[in-house]
Amino acid sequence: MRFILTALLILAGMVFTGIGIGFLLNPASSAVGFGLEAIDPSGLAALRADFTAFFVVAGVCMIWGGWRRNGDVLLIPAALFAIAITGRIVSIVGDGTVEGFWLPMLVEAASVALCLVGNRLLPHRDSIVPAPL
């Protein structure tokens with residue numbers, strides 16, 4: 001069970017890190033898949049900064065948590081994706097839905113669940129920084 005869990009965490013983390021790197025290297029084409037368009041350089045900068053930060057932090061934490069079998073660090077991507085789901089729910093209530101609106105929510109919910117299961121089943125460290133010798 002733990003092997004499958006860590007494999008899923010690492011695989012999902014690699015996918016999210018790859019998405020983040022895509023936003024860093026080519027924000028305009030990466031944004032199209034998210035229904036976004038940058039109309040000027042400041043928009044490209046915002047895509048490059050914000051989406052890269054979100055996906056790379058979530059992905060690296062998932063990889064780190066799975067690889068190091070550290071359940072504590074998995075709370076970071078769980079919180080990021082939970083806030084993203086909250087934002088989508090607010091948008092559904094305020095703006096309505098579009099075709100395929102449920103797919104990103106499903107990915108985010110699955111990511112939250114995966115990270116929370118990992119947090120419960122993987123060991124917890126007293127500290128991320130090793131104690132001095």
Side-chain angles (χ1 to χ4, degrees):
M1 177 67 179
R2 284 189 182 172
F3 177 77
I4 294 170
L5 177 64
T6 57
L8 288 173
L9 284 165
I10 292 169
L11 181 62
M14 290 170 59
V15 169
F16 292 132
T17 302
I19 292 170
I21 291 170
F23 273 101
L24 180 66
L25 300 177
N26 195 350
S29 67
S30 295
V32 171
F34 286 79
L36 302 170
E37 180 182 8
I39 57 173
D40 60 19
S42 67
L44 287 173
L47 287 171
R48 185 171 276 131
D50 299 339
F51 281 81
T52 299
F54 179 90
F55 284 109
V56 170
V57 168
V60 168
C61 287
M62 290 174 84
I63 293 168
W64 185 9
W67 186 262
R68 299 291 307 239
R69 289 179 174 67
N70 184 349
D72 292 332
V73 75
L74 296 173
L75 292 177
I76 297 166
L80 287 170
F81 286 115
I83 292 169
I85 290 171
T86 303
R88 290 189 190 277
I89 291 169
V90 169
S91 288
I92 288 170
V93 171
D95 307 323
T97 63
V98 295
E99 185 178 339
F101 76 94
W102 57 270
L103 184 58
M105 292 181 74
L106 182 64
V107 170
E108 290 158 353
S111 298
V112 169
L114 180 64
C115 290
L116 291 178
V117 167
N119 176 263
R120 297 290 290 163
L121 295 181
L122 296 177
H124 293 266
R125 310 282 190 246
D126 290 336
S127 174
I128 294 175
V129 179
L133 297 174

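These numbers come from the heavy atoms of this one structure, side chains and all, not from hydrogens, waters or symmetry mates.
There is a path of hydrophobic side-chain contacts, each under 4.5 Å, that joins L103 to V112. Under the 4.5 Å side-chain heavy-atom criterion for Ile, Leu, Val, Met, Phe, Trp and Tyr, L122 and M1 are members of the same hydrophobic cluster. Hydrophobic cluster membership differs between V73 and V60, with clusters built from Ile, Leu, Val, Met, Phe, Trp and Tyr side chains linked at under 4.5 angstrom. W102 and V107 end up in the same hydrophobic cluster when Ile, Leu, Val, Met, Phe, Trp and Tyr side chains are linked at under 4.5 Å. Taken together through direct or relayed side-chain contacts under 4.5 Å among Ile, Leu, Val, Met, Phe, Trp and Tyr, I76 and M62 form part of one hydrophobic cluster.
Counting all heavy atoms, side chain and backbone alike, G43 lies closest to A38 at C-CB, 3.7 Å. Taking every heavy atom of both residues into account, A58 and P77 meet most closely at O-CB, 3.8 Å.
Atom CD1 of residue I10 and atom CG of residue L5 lie 9.5 Å apart, to the nearest 0.5 angstrom. In this structure, CZ in R88 is found 13.0 Å from OG1 in T97, a value given to the nearest 0.5 Å. Atom OG1 of residue T86 and atom CD of residue E108 lie 9.5 Å apart, to the nearest 0.5 angstrom. With values rounded to the nearest 0.5 angstrom, R68 atom CZ is found 14.0 Å from I63 atom CD1. With rounding to the nearest 0.5 Å, the separation of CG in L36 from CG in L47 is 6.0 Å. Rounding to the nearest 0.5 Å gives a distance of 11.5 Å between CG of L74 and OG of S111.
Taking a 6.0 Å sphere around CG of L106, one finds it holds more than 12 heavy atoms contributed by other residues, nucleotides or ligands. Residue M14 places its CE atom among 12 or fewer non-hydrogen atoms of other residues, nucleotides or ligands, all under 6.0 Å distant.
Side-chain atoms of D95 and F101, non-hydrogen and from C-beta on, never get closer than 4.5 Å to each other.
Between the side chain of T6 and the backbone N or O of F3, at least one donor-acceptor pair lies under 3.5 Å. A donor-acceptor pair under 3.5 Å is formed between the side chain of N119 and the backbone N or O of G71. A side-chain donor-acceptor contact under 3.5 Å links R2 to the backbone of L121.
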Test side chain to side chain contact (heavy atoms under 4.5 Å, CB included) on F16 and L80 and set out the steps.
CA-CA 12 Å; F16 292 132; L80 287 170; over 6 Å; no
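Taking the six-membered ring for Trp and thresholds of 30 and 60 degrees, F81 and F54 have ring planes more than 60 degrees apart, a perpendicular arrangement.
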